[in-house]
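For reference, the structure is listed below as structure tokens.
Remember, predicted model here, so these are calculated numbers, not experimental data. For ligands, and for the atoms within them, numbers begin at 1 and follow the listed sequence.
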Amino acid sequence: MNADLLRSYLEFYQDLGIRTLYRQVAPQAGTTLAPVALEAPPLPPMVPSNDSLLQILEDIGDCRRCRLHEGRTQIVFGVGNEHSPLVFVGEGPGADEDAQGIPFVGRAGQLLTQMIENTAKKEGIPLQREDVYICNVVKCRPPGNRTPEPDEMEVCGQFLYRQLMTINPKAICALGGTAARALTGHKEGVTKLRGKWLKWKDIPVMVTYHPSYLLRAYNQSAKREAWEDLKRLLHFVYD
Ligand code: URA
């Protein structure tokens, strides 16, 4: 790899906020990838010009780039319409998602489905869950559903970046504070950020509450706010 090409890779990864690079060192089971000095050719392609969700999935492979692989059953890549003008991004798979390999299929996922479909119906927008695309910041379940660590989000972020670049939606919905931070870099809590239009690159991002938060019974006003956020988002995308 020549120096110019290497420099362009490094600038690209810096733009993504990635500060540690990993190289596949051995194909043996149980091998964790170690950060290494950059030498030829340690990096995956930046974003291949003909990138596709299938290609990204293939590049993720049997990923062991961070410690989250240790406790996962399977990688939870994403689900839905890859040409959707709307992408929902959550935090990371929970137990049900880890078991089924599909994002947002547990209780929080069922609430998300209801929120999407009921709001759309009420607003006269013909939309089902399968019409949108749904994925997470990290693709492997964090142990005990803990919040993903910054280095885990950084490593997995390159794949979310490529998913979003490939789908190129009209808008993105960040579900909860972790997704909002990962996508927009804003550090404020979700109560401050919700209902606002932020940006991922040039794409508008609407931040709203994570459905798991809304499942807690005492959050009636948060539920109302989340429905308001979704209403604005759906009208922006589908009107
Ligand atoms: N919570 C998330 O953030 N993502 C899922 O896929 C499920 C629950």
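Residue-ligand proximity, E91 to ligand 1, at heavy-atom distances under 4.0 Å covers atoms 2 (C), 3 (O). Residue G90 approaches ligand 1 through these ligand atoms, each under 4.0 Å from one of its heavy atoms: 3 (O). Near H210, meaning under 4.0 Å from any of its heavy atoms, are these atoms of ligand 1: 1 (N), 2 (C), 3 (O).
A cation-pi arrangement is found for K170 relative to F236, the charged atom lying closer than 6.0 Å to the ring centre and inside a 45° cone about the ring normal.
With a heavy-atom cut-off of 4.0 Å, P103 touches ligand 1 through backbone and side chain alike. Contacts with ligand 1 closer than 4.0 Å are made by side-chain heavy atoms of E97 only, the backbone lying farther away.
Residue pairs meeting the salt bridge (Lys or Arg N to Asp or Glu O under 4.0 Å) criterion with at least one partner in residues 82-107, sequence neighbours excluded, are absent. The list of salt bridge (Lys or Arg N to Asp or Glu O under 4.0 Å) pairs with a residue in residues 182-208, not counting sequence neighbours, reads R194-E225, R194-D229.
Side-chain contact check for L160 versus M153: every heavy-atom pair is 4.5 Å or farther apart.
At least one N/O-N/O distance between N136 and ligand 1 falls below 3.5 Å. Residue S212 has no nitrogen or oxygen atom sitting less than 3.5 Å from a nitrogen or oxygen atom of ligand 1, judged on distance alone. Considering backbone and side-chain atoms alike, P93 places every N or O at 3.5 Å or more from each N or O of ligand 1.
Ring centroids of W227 and Y209 are separated by 6.0 Å or more, keeping the two rings apart.
Note on V237: it clusters hydrophobically with L112, by side-chain heavy-atom contacts below 4.5 Å among ILVMFWY residues.
Distance alone, capped at 3.5 Å, is enough to place a donor-acceptor pair between the S84 side chain and the D131 backbone.
Residue-ligand proximity: G92 is placed with a non-hydrogen atom under 4.0 Å from ligand 1.
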